[in-house]
Structures are given as structure tokens and as C-alpha cells.
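Single-structure report; data block below.
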Amino acid sequence: MIQNLMDGILTGSIISLGAIGLTMVMHMLRFANFAYAELLAIGAYAALVFDRLFAALVPLTDQTFGGLSLTWSLTLATLAAMAVTGASAVLIDWAIFKRIREKADALSMVFASFGVALIIRNVITLIFGLKAELYSNDIAFAMVLSRDPLLLIKPDQIFVLAAALVLMAIFHLVLSRTTFGFALRAVAENPALAQVAGVPLARMVIVVWLIGGAFSAAAGVFYALTNHLSPLIGHNFLLPVFAATIVGGIGSVYGALLGGFIVGTASGLALQIMPSGYIPAMPFLIILAVLLVRPHGLFGEPQT
Amino acid sequence: MIGVISYLAFFGTVAAILAIAVLGLNLQWGNTGLFNGGVAAFFGAGAYGAMMLGGPADPQQLGGFALPYPIAFAGGIGLAALVAWAVGLLTLRLRHDYLAIATFGVAVALEAVARNAEWLTGGAKGMRGFPRPFEGLFADQFTYNLAFLGFVVIILIAVYAGLERLVRSPYGRVLRAIREDEVAARALGKNATRLRLEAFVLGSAIIGVAGVLYVSFYAFISPQDMAPILTFQIWAMLIVGGAGNNRGAVLGAFLIWGAWTSSGFLLSKFAPTAVQIYTGPIQYIMIGSVIVGMLLWRPQGLLPERIERTKTGNEAPGENASQG
């Protein structure tokens, strides 16, 4: 029970990071982007490439921090992957979504995003293969927190949760303390009004893709660090991040953060009552419940 | 020669089954502007529904009632329609893309059930032994397959003719009106939410018909047959043929299914072994590129929708809009 709760909170922090950008993009560009979760996969695999590259160039960086399977090279690789993923998100928007946005309706965008997701996922499969990869082949030993009930936690998991919280805290400070943060929130909440107030919308769209890509990359690396890399990361996280944005209310960054933790812990706790094979359906049940009780989510505004 | 004919019959049967599913999707997406992100779920619901009612008894699972074919057929359609009704009821009054997310979720959830609920669906190994309809009437497999092709084509023609009538009727015009401008349709007193729900359920039921025919043909169904790629294939068929045009939908089904099977054949025949294991991903990239490419360069498809103008003149206004 407590083990499931802990694991759920950890997954929740990863879902939250993935949902931050999605909620902003969905509200600003007004379409459900089914290619968004592929950014997690791009980030995780970009970090794998940079990690091997840095470790080969400067072997000294390939040393782990005590207990963690994290290395200096992987830390740097994660930062590089965040930049690369943000840039990919901007590039995909420029190459495909922007063009369709200019001449067609929102549902064509949804449609196109499915196609984009299919392409990205399978290009990754072609390059890296179907088998699961790991950043480090060393066995990460779990620490025993208590024997009765048996509670295990890996140092990597503690690190991931802490790092995710730090990223969220930084983002919160930016949102609440800087002019840029105000502009960002204004755009996320009401794009038209923000534009009237002098916020350049086109530039903000790029910034939002960059931020969303960077956070998604971090989420992808964190997932891969505590589990493994697989081309299906995007597919597996798609429904959870959508559930997080819908629970929180589309357009609400804080709602998405909270929504991620709700979806993660609910899926973790659901293991108590259902076999693990049904867990992929859990976010769907959460979505249905929210739509039934409070269609605009916890912090969203009712829309017409 | 017999080999060629029997292959063509096989190809034609599968393509015609898929064409029926594309027609169902066309009613939803092409005519009413509803986004169905889980075509595979309704296809699977039809197939599993028919299998559970009409399949042979199995002591290890519920179902297998071995009911007559027409009842199994109707049950499969009913299950697909029921799922669509439940999802539509919850999402159709909300933001448009909620339907996309919810239907995508249904596909994930039903696939999880098909994969895990062994007592109900046989789990990952699927269910086999569906009694193929009218099999006793034919002497050999070859004539049976030709006859089955005829059966599927008759149903395809019936669905096509029915939908053509529907979209040209006042009812079809109301659906298009809702697609184009919901506020205006509401202002004319049309209950947009209810009409959308009806179109969504009817379209899903037609996709369910395709699922029933699929299980009738293969006599076997497993979670693999309702994998997400099926949804993408059926979309690609519709967007290539032309959303909103029923003839385009059928054309797209045959074209894309032809491209899919021939690319699979060519890859397995001529590609080096190292590439062959990636046949799936290569074909998936092709489907994704077809979808994105069509949306970028020819969103109306090969056969664009033809809007027939209602004859105006001195007809009393409102005469055509009184139904629906």
C-alpha cells in the first residue's frame, strides 16, 4: 500500500512535468496534441546519445554520484536533451502544425498530431531498435526503508522526485515573480486578451514549445532513469498526461502539476484493487470521472 | 490461376471489410465533424461481441453461447453502439477535442480488457473457432471464399447506398450544418448535441459491422486485431479517399490496403533480413506520412466532398429543414 503510494507519487512527478507544456499548448493553440508525449521519448533518447558521447569524450565524467546511477555526463546530457527537445518541438510546430493551423480547423491539427506521433515513435524505433535500453547497466540497489511492511526505494527515485520538485519550484518562481512569467500566464489563460495587452503571441508560442519540450525531456530522462528507455514511452505516457491536464483544467499550469500527482498516485493505488494489466486504462477512468463531475477540471474555466 | 483468384478474393474481402469501417468513420468525421480517436475499439467491440455470442463454448470463459449467426451479428453491432453511446453521452457536449481524447482512451481501455480479462475475452491468445456463416452450403474452400467475398460486397453496397441516401436527406444536411456552424444550426432549432450523438453511435455501429465481418472471415479474434495501428490505417484511407465523400472512402480503403499489403510483400521479399524485422515501423512511418502529407498538401483527398445544392426557387422555405 505505502509502497504503491510512493511509486505512484514518483510517477506522478514525471507525469506533472510532462503535463506542464501540454496544458499550455492545448489552451493556446486550442487543439489536443497527440504527438506531445513523444517529446518525452525524444528527450530520453537524446539524453542517451549525449550521455554516451560525453562519457566517451571525457571518461572522467562517467563516474556515478554515491548510490545514484546518475553521472556527470548524464547530468550534462539531460540539459543538452532538454535544449534539443525544446528545439524539436519548435521545429515540428514550424514544419507541420503552423502550416495546418493557417489553413484548417482545430480537428485537422488533432488529426495531424496523430500522424506526427506515429512518425516520431517509429523513427525512434528504427534508430534505436525495439529493445529496452538503460543509461547504466550497473544494478541500482534499493534501500530498505522498513521491513514490515516491506518498503523499498532506490536512491535514483529519491533524486528524481527531488529534481522534479526543484524544476517545478523554479518554474513557479519564474511564473509568479517575473514579467515574463506574467506574460506567459496571460497567454496561457487568454491568448486574445494577452495579445491586446501587447504580448507577442507568435513569439510566446515558440517559448511555450521550448518550455514544454524541455520539461518533457526531463520527464523522459527521469522515467528512463528509474525504469528504462523504450520507443513506447510516448505512447504509454500519452493518456496519463492528457488525464493530468483534464483533471487540472486545460490551461492551468498549477492544475496540471496537481493533476499529474493525482493521476500518478491513483494509478499506483489502483494496483491494490486491480491487476497491473489494467493500469493503462486508469487515466481513462479518471478522465471519465472528471468529465462527469467537473468537465472543466479543478482549476479550469468553463468553456463554451 | 486459381491461386491468383483466391488471393484477389482474399484481398478484396479484407479491403471491403475495411471499406465498411471507413464508411462508418466518414459519417462521423466527414459528414458530422466528429473526431473518433478509437476506431479500433469499435471494430474490436463488434468482433468480440459477435464472438462471445456466436462462438463455441469454452469451459474456461464466459460467453461462447453458440447462438445463430444473425443474433451474433446483431450483438456485435449492439456492443459497438453501446460503447459509442456511453462515450458520446459524456463527451459530445464538451470541447470538441474531448471526444478525441475519450475515444482514444476507450481504445486503450478496451485493449487492456481484451488482453487481460481471460475469463471474458481469452486474454492475449484471443478467441478462436467462430462458426463461419453458411459454410455448410459450399463444397470446397475456394467457392466458399468467393461466396463470402460476395456476401461482404453486398453488405458494403448496402451500407454505401444507405449512407448515400442518409447524407442527401434533410437529416444529412442538418449533420453538415452542425459541422459547419453549430451555433447557426442551434439557432434554427436543431438539437446539435443529440444529432451528433446519433451520428456518432450510427457511425460506430457501422464500424462494428466491419468488426463482425472480420471475425466471421478469420473465425478468430485477438487483442492484436484491435491494435492502435488499425485506427491510423482507417484514417489514412478516409483522408486519402476524401473525407465527406462515400465513394472516396471506398476508393481510399482499397488504395491504402493495396499499398499496405504490397509494401509488406516487397519488404519481406526484397529487403535484407536486417531491414525485414523493421517492416512494421517502416509501414507505420508510411501511414503517418500519408496522414500528415495529405493534410498538408491535399486535405480534401482524391475525391473531394461534393456539396449538392438544394434546389431553391419558389419552394416554401423550411420545407426541407422540417425533419431532423
Side-chain angles (χ1 to χ4, degrees), chain A residues 26 30-35 95-96 99-100 103-127 129-130 231 235-236 238-239 242-243 245-246 250 274-289 291-292 295-296 303-304, chain B residues 29 33-35 37-38 86-87 89-91 93-102 104-113 115-118 123-124 179 183 228-229 231-232 235-236 238-239 243 275 277-278 280-297 299:
Chain A
M26 259 177 95
R30 307 197 72 80
F31 80 106
N33 184 352
F34 282 82
I96 295 164
R99 291 170 197 224
I100 294 175
K103 59 182 179 189
D105 58 349
L107 281 181
S108 298
M109 302 272 287
V110 179
F111 199 6
S113 73
F114 269 102
V116 171
L118 201 57
I119 296 172
I120 296 176
R121 190 180 311 146
N122 289 290
V123 166
I124 289 177
T125 311
L126 278 187
I127 298 174
L130 276 165
H235 178 74
N236 295 340
L238 184 55
L239 216 44
F242 267 127
T245 56
I246 290 178
I250 293 171
M274 55 170 101
S276 62
Y278 291 104
I279 294 302
M282 193 61 199
F284 170 66
L285 296 179
I286 296 174
I287 290 175
L288 283 191
L291 293 183
L292 204 59
H296 48 276
Q303 291 180 347
T304 47
Chain B
W29 163 261
L34 299 171
F35 195 98
V87 176
L89 206 60
L90 278 173
T91 50
R93 62 204 157 83
L94 303 169
R95 226 179 104 141
H96 287 254
D97 42 14
Y98 277 17
L99 181 67
I101 299 173
F104 179 80
V106 165
V108 172
L110 285 191
E111 204 191 329
V113 171
R115 226 172 256 291
N116 294 289
E118 295 205 355
R179 180 191 70 186
V183 178
I229 187 64
T231 302
F232 300 119
W235 281 351
L238 184 58
I239 186 86
V275 177
I277 54 167
Y278 290 108
I282 293 171
Q283 287 185 303
Y284 294 176
I285 292 172
M286 275 170 33
I287 291 283
S289 310
V290 164
I291 291 175
V292 174
M294 288 302 287
L295 283 168
L296 281 176
W297 291 296

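Since the structure is predicted, the reported quantities are computational estimates derived from the model, not experimental observations. Values reported hereafter were calculated over all heavy atoms of this structure, with side chains retained and with hydrogens, waters and symmetry mates removed. Naming: A, B, ... by sequence-line order, numbering from 1 per chain.
- Most heavy-atom pairs under 4.5 Å with chain A: of the set B/Trp235, B/Tyr278, B/Phe232, this distinction falls to B/Trp235.
- Considering A/Asn236, A/Leu238, A/Leu239 in turn, A/Leu239 is the only one that fulfils the side-chain contact (heavy atoms from CB on, under 4.5 Å) rule with B/Val108.
- For a residue to count as touching a neighbouring chain, one of its non-hydrogen atoms must lie under 4.5 Å from one of that chain's; by this rule A/Phe114 touches chain B with backbone and side chain alike.
- Proximity of B/Ile285 to A/Leu118: side-chain heavy atoms (C-beta onward) are nowhere separated by under 4.5 Å.
- For chain B, the nearby part of A/Ile287 is the side chain; its heavy atoms alone come within less than 4.5 Å.
- For the atom pair CD1 of B/Ile282 and OG1 of A/Thr125, the computed distance is 11.0 Å after rounding to the nearest 0.5 Å.
- A distance of 13.5 Å separates CG in B/Leu295 from CZ in A/Arg99, rounded to the nearest 0.5 Å.
- Neither the backbone nor the side chain of A/Met282 has a heavy atom closer than 4.5 Å to any heavy atom of chain B.
- Sorted by first and then second residue, the salt bridge (charged side-chain N to carboxylate O under 4.0 Å, His left out) pairs involving residues 276-287 of chain A (not counting sequence neighbours) form an empty list.
- For the atom pair CE (B/Met294) and CZ (A/Phe111), the distance works out to 9.5 Å, reported to the nearest 0.5 Å.
- Of the residues considered (B/Ala243, B/Ser289, B/Pro228), B/Ser289 shows the highest number of contacts with chain A, using heavy-atom pairs under 4.5 Å.
- Contact annotation for A/Pro275: neither backbone nor side-chain heavy atoms come within less than 4.5 Å of a heavy atom of chain B.
- Taking CD1 from B/Ile101 and CG from A/Leu291, the interatomic distance works out to 8.5 Å, rounded to the nearest 0.5 Å.
- For the pair A/Phe284 and B/Ala109, the tightest heavy-atom approach, listed with the atom from each and the gap, is CD2-CB, 3.6 Å.
- Only the side chain of A/Phe34 comes within contact range of chain B, judged by heavy atoms closer than 4.5 Å.
- Taking chain A as the reference chain and counting heavy-atom pairs below 4.5 Å, the highest number among B/Ile277, B/Val106, B/Val113 is found for B/Val106.
- The two residues A/Val110 and B/Ala100 come nearest to each other via the heavy atoms CG1-CB, 4.0 Å.
- Between the OG atom of A/Ser108 and the CZ atom of B/Phe35 there is a distance of 9.0 Å, given to the nearest 0.5 Å.
- Checking side-chain atoms of B/Asn116 against main-chain N and O of A/Gly277 turns up a donor-acceptor pair under 3.5 Å.
- The two residues A/Ile96 and B/Leu296 make their nearest non-hydrogen contact at O-CD2, 4.0 Å.
- The shortest non-hydrogen separation linking B/Pro281 to A/Leu126 is CB-CD2, 4.1 Å.
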Margin query: Run A/Val123 and B/Tyr284 through side-chain contact (heavy atoms from CB on, under 4.5 Å) and show every step you take.
Written below: CA-CA 9 Å; A/Val123 166; B/Tyr284 294 176; over 6 Å; no

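- Counting heavy-atom pairs under 4.5 Å between each of B/Ala117, B/Gly280, B/Ala236, B/Gly293 and chain A puts B/Ala117 at the top.
- How far OG of A/Ser113 is from CD1 of B/Ile291: 10.0 Å, rounded to the nearest 0.5 Å.
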